[in-house]
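The structure appears below as structure tokens.
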Amino acid sequence: MTVRTRADLSALPSYVPGKTIPGAIKLASNEVSAGPLPSVVRAIADAATAVNRYPDTAATDLVARLGDKLGVPAGQVAVGCGSVTLCQQLVQATCTEADEVVFPWRSFEAYPIIAQVVGTGQTRVPLTAGHGLDLDAMADAITPKTRLVFVCNPNNPTGTALRRDEIERFIERVPAETLVVLDEAYKEFVDDPDVPDGVEVAKAHWAAGRDNVAVLRTFSKAYGLAGLRVGYAVGSPELAETLRKVYVPFSVNALAQVAALASLDAEDELMTRCRAIVAERGRVRDELLAAGYDVPVTQANFVWLPLGERTAEFNEHCLEHKVVVRAFADDGARITIGEPEENDTFLAAAKSFAR
Ligand SMILES: *Cc1c(COP(=O)(O)O)cnc(C)c1O
């Protein structure tokens, strides 16, 4: 006998994680290269003695702390097992098979997979020629079936960021019953005053009586906790409540909760680290431009090289030089900004690539 699984999943590609190759430098997953802070490691080690107990499924302390930090009631914050799981919860909370989600493409690889796993429709809206989100085209793509629109800002993998006025104009065009999700996984690396804090945008929108904006953040990138899996969403009280309903109980584990709290305690130190990455990002981009590469302005902890059909060859070349980048066939390569020596190794590889 053969178990029958959903036929619509057979054609679904699996999520492709960044490769880890022994002896090679990994600049493929937008992780922070520096290890966790000693204070965070201590908090994790202390909490390890209590892992015979279930975690607090409501993550009460973390949610309260995030509410304070963001200036919103704790009831408007929902945690998830990484913000990728929150992306899935948001789609589950809003869409059935009769509905659809709209998202930019190319963007975060999980969006199309999640839509298909949840079993809802999807519309991918191509980026502009400048590798940024085409908000006019995204607004045009919304139909009465559209329940959710992902706006990845800065965009993964191109690094481009939207300005406040662009986002506000877009939100004005979105029907009140369609949820706009500002996915801000790289927010802490933004170094441009015109790029808004999505939570502030959402608050102003809520104050005007419209509840259809939510924001996603994660501890995986700037806070350096990718291995522990914790992220959060900020939305209207009703949306946050619905996210809690589709939450798999206990999925944000106890170590993740204490590590997130310890990271918030060490926020100044972590943000100093982010500023160093931002400085390195500028250096890496300048050197790539000088070497003749097209490199869109980036506000994230990575650069995007739109290499088109030469992407696979570039990827092989980097691997030969012991650097693992993230290649998207026939489109481009995304390279995470690491420690200065790692970036130097990558730059040497990029400069020796014959173009
Ligand atoms: C990395 C990333 C996430 C998810 O990160 P988690 O580790 O699941 O918290 C979400 N959105 C974007 C755009 C990302 O790049």
Side-chain angles (χ1 to χ4, degrees), residues 16-45 82-84 108-109 154-159 184-191 217-231 255-256 259-260 262-288 291 293 295 298-305 314-315 317-328 332-351:
V16 184
K19 281 187 224 151
T20 300
I21 296 174
I25 292 170
K26 187 185 179 199
L27 300 177
S29 298
N30 300 341
E31 299 147 332
V32 168
S33 284
L37 297 174
S39 59
V40 175
V41 175
R42 269 196 305 280
I44 295 168
S83 61
V84 67
F108 185 37
E109 273 187 286
N155 189 44
N156 176 8
T158 57
E184 297 191 331
Y186 302 98
K187 190 210 171 281
E188 295 82 0
F189 300 104
V190 170
D191 183 29
R217 302 260 176 91
T218 177
F219 284 94
S220 295
K221 310 285 167 43
Y223 291 85
L225 299 180
L228 280 176
R229 319 301 308 128
V230 53
L255 303 185
S263 299
L264 291 169
D265 286 339
E267 202 160 35
D268 290 349
E269 214 174 330
L270 289 168
M271 293 310 119
T272 302
R273 242 163 56 165
C274 288
R275 280 194 294 278
I277 292 168
V278 168
E280 273 294 287
R281 169 180 84 198
R283 178 179 78 91
V284 169
R285 179 165 183 269
D286 287 347
E287 292 200 31
L288 289 168
Y293 285 91
V295 196
T298 169
Q299 292 292 332
N301 66 335
F302 51 81
V303 289
W304 172 247
L305 300 180
F314 180 81
N315 185 41
H317 178 81
C318 289
L319 284 174
E320 280 161 23
H321 288 76
K322 295 253 178 262
V323 181
V324 187
V325 304
R326 187 74 171 84
F328 298 94
R334 185 193 70 199
I335 302 97
T336 306
I337 303 299
E339 295 289 299
E341 319 75 69
E342 295 176 316
N343 302 332
D344 286 341
T345 305
F346 162 66
L347 285 168
K351 287 172 189 171

> Under the 3.5 angstrom rule, does the side chain of Gln299 hit a backbone N or O of Asp191 as a donor-acceptor pair?
Replying inline: yes
>> Could you go through His317 and Val325, starting from their C-alpha distance and side-chain angles, then the distance that decides it, and tell me whether this counts as side chain to side chain contact (heavy atoms under 4.5 Å, CB included)?
In response: CA-CA 10 Å; His317 178 81; Val325 304; over 6 Å; no
>> Assess the residue pair Arg326 and Asn30 against the criterion (side chain to side chain donor-acceptor pair (under 3.5 Å)); give the C-alpha distance rounded to whole Å, side-chain angles, the decisive distance to 0.1 Å, and a yes or no.
In response: CA-CA 9 Å; Arg326 187 74 171 84; Asn30 300 341; over 6 Å; no
> Does a side-chain heavy-atom distance below 4.5 Å link Asp265 with Ser39?
Replying inline: no
> Any side-chain heavy-atom pair from Tyr293 and Arg285 closer than 4.5 angstrom?
Replying inline: no
> Using 4.0 Å as the upper bound for N to carboxylate O, is an ion pair formed by Lys351 and Glu287?
Replying inline: yes
> What distance separates Arg281 CZ from Thr336 OG1, expressed to the nearest 0.5 Å?
Replying inline: 12.5 Å
>> Checking the side chain of Thr298 only, and the main-chain atoms of Ala300 only, is there a donor and an acceptor separated by less than 3.5 Å?
In response: yes
> Say you draw a straight line from CG of Asp286 to CG of Leu347; how long is it, rounded to the nearest 0.5 Å?
Replying inline: 10.5 Å
> Roughly how far, to the nearest 0.5 Å, is CG of Asn343 from CD1 of Ile25?
Replying inline: 8.5 Å
>> I need the Ile335 CD1 to Trp304 CH2 distance, nearest 0.5 Å.
In response: 8.5 Å
> Looking only at heavy atoms, what is the nearest atom pair of Glu342 and Gly338, with distance?
Replying inline: OE1-CA, 3.3 Å
> Does some side-chain heavy atom of Val84 sit less than 4.5 Å from a side-chain heavy atom of Phe108?
Replying inline: yes
>> Under the criterion side chain to side chain contact (heavy atoms under 4.5 Å, CB included), I'd like the reasoning laid out for Glu269 against Arg273: C-alpha separation, chi angles, the key distance, then a yes or no.
In response: CA-CA 7 Å; Glu269 214 174 330; Arg273 242 163 56 165; over 6 Å; no
>> As a quick check of understanding, evaluate side chain to side chain contact (heavy atoms under 4.5 Å, CB included) for Ser220 and Arg229, giving each step before the final call.
In response: CA-CA 7 Å; Ser220 295; Arg229 319 301 308 128; 3.4 Å; yes
>> On a heavy-atom basis, which atom in Ala266 and which in Leu37 lie closest, and how many Å separate them?
In response: CB-CD1, 3.4 Å
>> So which atom in Phe328 and which in Pro157 form the shortest heavy-atom distance, rounded to 0.1 Å?
In response: CE1-CB, 3.8 Å
> So, does Asn301 use its side chain to make a donor-acceptor pair with the main chain of Ile337 at under 3.5 Å?
Replying inline: no
>> If I compare all heavy atoms of Val303 with all of Leu288, which pair ends up nearest, and what's the gap?
In response: CG2-CD1, 4.0 Å
> Is any side-chain heavy atom of Val324 less than 4.5 Å from a side-chain heavy atom of Leu319?
Replying inline: yes
> Atom CD in Glu267, atom OG1 in Thr272: separation rounded to 0.5 Å?
Replying inline: 10.5 Å
> Can you name the nearest heavy-atom pair linking Lys221 to Val32, along with the distance?
Replying inline: O-CG2, 3.0 Å
> What is the minimum heavy-atom distance between Ala349 and His321, and which atoms define it?
Replying inline: CB-CB, 3.7 Å
> Which is it for Leu228 and Phe219 under the side chain to side chain contact (heavy atoms under 4.5 Å, CB included) test, yes or no, and what are the steps along the way?
Replying inline: CA-CA 9 Å; Leu228 280 176; Phe219 284 94; over 6 Å; no
>> Assess the residue pair Phe189 and Phe302 against the criterion (ring pair (Phe, Tyr, Trp, His ring centres under 6.0 Å)); give the C-alpha distance rounded to whole Å, side-chain angles, the decisive distance to 0.1 Å, and a yes or no.
In response: CA-CA 10 Å; Phe189 300 104; Phe302 51 81; 8.7 Å; no
